[in-house]
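Before any comments, here is the structure.
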Amino acid sequence: MKIQLKDGSVRKYENLVSIFEVAKELSEGLARVACAGEVDGNIVDLRYILSKDCTLSILTFEDENGKLAFRHTTSHILAQAVKRLYPNTKLAIGPAIKDGFYYDFDFENTFTMEDLEVVESEMKKIVKENFEIHRFTLNRADAIAFMQERGEKYKVELIEDLPEDEEISFYKQGEFVDLCAGPHLLSTKNVKAFKLTSVAGAYWRGSEKNKMLTRIYGTSFAKNSELEDYLTRIEEAKKRDHRKLGKELGLFTIMDEGPGFPFFLPKGMTLKNLLIDYWRKLHEREGYVEISTPIMLNRELWETSGHWDHYKDNMYTTKIDGEDFAIKPMNCPGGMLVYKSVPHSYKELPIRMGELGLVHRHEKSGALHGLMRVRCFTQDDAHIYMTKEQITDEIKGVVRLIDEVYSKFGFKYHVELSTKPENSIGSDEDWEIATAGLKRALDELQMNYVINEGDGAFYGPKIDFHLEDSIGRTWQCGTIQLDFQLPLRFEAEYIGADGEKHRPIMIHRVVFGSIERFIGILIEHYAGKFPVWLAPVQIKILPISEKFSAYSKDVLMKFKEKGIRCEMDERDEKIGYKIREAQLEKVPYMIILGEKEAQSGMFSVRSREQGDIGALSFESVIEHIESDK
RNA sequence: GCCGACGUGGCUCAAUGGCAGAGCAGCUCACUUGUAAUGAGCAGGUUAUCGGUUCAAAUCCGAUCGUCGGCUCCA
């Protein structure tokens with residue numbers, strides 16, 4: 001690695017540790033150095049902070065740590081501005097996050113969007129004041145005393161949770177000091193481009209039981225142009241929001257009369273049915289059978305399953321002839337009854353039993369979000385009953401299936417493995433077998449995954465598949481959950497080779513997750529331009545004028561006979577107008593029919609992506625459509 | 001549920017205490033159309049709901065419902 005310093009001299013170093021050496025050298029061992037330099041041919045703005053304990057931070061905005069530092073420093077400036085304007089405010093925490101930062105405050109009075117502008121101006125002042133940022137450390141007792149003296153009770157609580165023998169680090173800029181591990185920029189003036197974006201509530205330490213604090217979100221970049229780019233990108237992404245496109249394309253709607261209960265419109269229903277057709281074919285191939293269980297079952301069942309005790313707040317209940325009933329929030333108990341309705345032999349296992357089940361859950365009003373988070377949705381559920389020995393193979397089969405489906409749509413996804421939580425039930429041995437089984441399956445398939453320690457369901461560990469929406473929020477879609485509890489509660493059995501009764505292992509799994517959520521993600525993923533096989537309307541026929549209406553109808557029928565989803569726009573409008581509308585509807589193909597076409601028998605075809613693609617015969621249009629399966 | 005913002009014809013938005021408006025969509029008429037908007041006319045509103053302040057409320061205040069951005073929870 002070569003570094004060219006500002007004075008023009010060039011130094012060569014082996015690795016990043018060597019950069020630390022040059023910094024120390026230039027600063028005579030104990031100082032802060034900033035230099036613009038060249039690393040491997042790229043000019044970068046290198047900034048270092050060398051502290052007493054010789055920790056080194058490399059701060060270039062191109063680098064993830066550098067972004068964190070920019071944003072973290074901006075978050076300190078935010079806190080400094082808030083303390084200046086509202087001195088009695090208590091500070092909580094203020095980390096850098098993906099795309100920005102936030103800071104949580106305990107304000108004396110309510111803080112609103114209008115106050116945000118005032119704070120932003122104060123922040124600009126602080127940047128101008130050009131405070132150097134210094135790091136210092138205290139031992140634990142002194143650190144606690146220091147924050148107590150300042151009345152920062154949240155900070156005191158944070159320090160109390162830190163290891164006893166650790167030196168506690170602080171960062172100081174002007175009159176402002178904050179408990180912080182760093183790293184930070186050299187000076188407040190290095191913050192060039194920032195913007196406060198929103199005000200939100202957030203519970204102290206993320207717990208509903210604690211006080212709700214005021215969280216201020218913002219973002220910060222090295223250059224103004226980068227901030228502009230970022231804001232433009234967000235605006236662009238919002239254009240593909242599934243709620244907006246869902247309305248524009250006539251796919252679905254959610255009305256005030258049913259908060260969280262989506263209505264599917266004709267085109268959305270076509271899309272949904274196409275996904276279901278695809279799902280059925282795939283599952284038949286994979287050896288699944290399909291069942292359907294009632295939407296409402298009696299209290300006794302939900303008591304057996306444990307839902308009545310553990311999930312009642314999320315269930316809609318009613319009485320029938322004086323007896324309590326609940327609308328199903330999950331399909332498994334009903335499925336369990338189906339399994340139990342006849343005796344099973346080990347020879348039948350694994351049994352893969354699918355159900356496209358409509359479930360209802362009373363989600364908190366604030367959690368609702370378009371199709372992504374609703375109160376009734378269709379799970380593409382399946383339960384697999386099997387022996388312990390079959391765990392790994394079955395999991396592998398499901399993981400492969402999920403990967404096949406997501407790949408078909410071109411989704412990037414990430415996988416999380418969640419392990420035994422605090423409130424778990426069942427023996428440690430079972431948990432170990434189950435977790436190891438999930439792990440082995442993922443490892444054997446060479447999947448990348450992160451482990452979510454303690455985040456499993458209380459009845460078993462799980463693998464979750466997460467997909468991203470248009471502005472980078474991730475949504476859990478596919479999941480595979482191992483369950484020992486339900487077979488136990490329902491006393492599910494199979495007869496083994498030894499003639500004895502055994503308890504099967506059960507997995508719950510979904511591929512789409514919920515069809516509603518999956519459609520939401522699909523809309524955003526394709527920005528409404530569905531591939532031909534999924535497009536609610538594949539061809540739109542546009543007659544030049546009313547004279548060609550009859551001919552166009554014949555053509556329409558010919559395509560319909562081939563099973564192609566086809567519409568015709570026979571309104572008394574100019575062709576340019578009809579094309580514009582069809583384009584805005586994002587129909588993959590348009591066929592324009594007039595004198596020329598009626599004579600030649602060829603069709604003038606326009607594609608959504610390429611515009612006019614010339615004259616095609618009926619057969620070659622069909623080919624175009626089919627090649628996109 | 002909690003914190004903040006918002007709610008005006010089907011849609012997108014205007015009207016900052018003084019006559020509720022525009023564009024698109026819809027309907028009618030004329031034009032009979034050749035690759036992203038033909039023209040003219042008509043109709044469409046209890047300004048989310050309920051209550052209050054005021055000579056006067058879309059506008060100010062309160063409550064309720066809903067939506068949006070977060071938190072918690074979750075497919």
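Just so you know, these numbers use all the heavy atoms, side chains as well, and skip hydrogens, waters and symmetry mates. Chain letters run A, B, ... following the sequence lines, proteins first, then strands; residues in each count from 1.
If you take NE2 of A:His369 and P of B:G69, they are 5 Å apart, rounded to a whole angstrom. With rounding to whole Å, A:Arg517 atom CZ is found 7 Å from B:C74 atom C1'. The distance from atom CD of A:Glu416 to atom C1' of B:C74 is 13 Å, rounded to the nearest whole Å. In this structure, A:Arg215 atom CZ and B:U72 atom C1' are separated by 11 Å, rounded to whole Å.
Geometric assessment of A:Lys211 against the ring of A:Tyr203 yields a negative cation-pi assignment under the 6.0 Å and 45° thresholds. Because its NZ or CZ atom is not both nearer than 6.0 Å to the ring centre of A:Phe101 and within 45° of the ring axis, A:Arg71 does not count as a cation-pi partner of that residue.
Which of B:G4, B:A75, B:G70 sits closest to the side chain of A:Thr112 comes down to B:G4. Distances were taken from every side-chain heavy atom of A:Met113 (C-beta onward) to each of B:G70, B:U32, B:G4; the shortest belongs to B:G4. Picking from B:U38, B:G69, B:G34 the nucleotide with the shortest atom distance to the side chain of A:Glu595 gives B:G34. The side chain of A:Glu546 lies closest to B:U32 when the candidates are B:U35, B:U32, B:U38. Residue A:Thr110 places its side chain closer to B:G4 than to any other of B:U12, B:G4, B:U35. Set against B:A36, B:C71, B:G1, the side chain of A:Glu208 has B:G1 as its closest nucleotide. Side-chain proximity of A:Lys596 to the nucleotides B:G70, B:C73, B:G34 is greatest for B:G34. Of the candidates B:G69, B:A37, B:U32, B:U32 carries the atom nearest the A:Lys547 side chain, counting heavy atoms from C-beta on. The side chain of A:Arg243 sits closest to B:G69 out of B:G34, B:G69, B:A75. Here the nucleotide nearest the side chain of A:Arg606, chosen from B:G66, B:A36, B:C73, is B:A36.
No donor-acceptor contact under 3.5 Å links the side chain of A:Glu114 to the base of B:G4. A:Tyr203 contributes a side-chain N or O that forms a donor-acceptor pair with the base of B:G1 under 3.5 Å. Between the base of B:C73 and the side chain of A:Arg373 there is a donor-acceptor pair shorter than 3.5 Å.
Below 30°, between 30° and 60°, or above 60°: for A:His508 and A:His383 the angle between ring planes is above 60°, a perpendicular geometry. In this structure, A:His72 and A:His76 have perpendicular ring planes: the angle between them is above 60°, well past the 30° mark. By the 30° and 60° cut-offs, the orientation of the rings of A:Phe518 relative to A:Phe409 is perpendicular.
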Close N/O contacts between protein and nucleotides 22-28 of chain B (under 3.5 Å):
from, atom 1, to, atom 2, distance (Å)
B:A25, OP1, A:Tyr577, OH, 2.7

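Comparing A:Ala367 and A:Asn314 against RNA chain B, the residue whose closest nucleotide sits nearer the 5' end is A:Ala367. Take the nearest nucleotide of RNA chain B for A:Lys247 and for A:Gly366: the residue whose nucleotide is more 5' is A:Gly366.
Looking at heavy-atom distances under 4.0 Å, A:Glu516 makes no contact with the nucleic acid at all.
Across all strands shown, B:A22 pairs with B:U12; the Watson-Crick or G-U wobble distances both stay below 3.5 Å. Across the strands present, B:C2 finds its partner in B:G70; the criterion is a Watson-Crick or G-U wobble pair with both atom distances under 3.5 angstrom.
With A:Glu524 as reference, A:His242 is the one residue of A:Arg240, A:Lys244, A:Arg243, A:His242 to meet the side-chain hydrogen bond (donor to acceptor under 3.5 Å, both in side chains) rule. For the side-chain contact (heavy atoms from CB on, under 4.5 Å) with A:Leu196, the lone residue among A:Thr219, A:Asp115, A:Leu116 that qualifies is A:Leu116.
A 4.5 Å side-chain heavy-atom check between A:Tyr406 and A:Leu467 finds at least one atom pair inside the cut-off.
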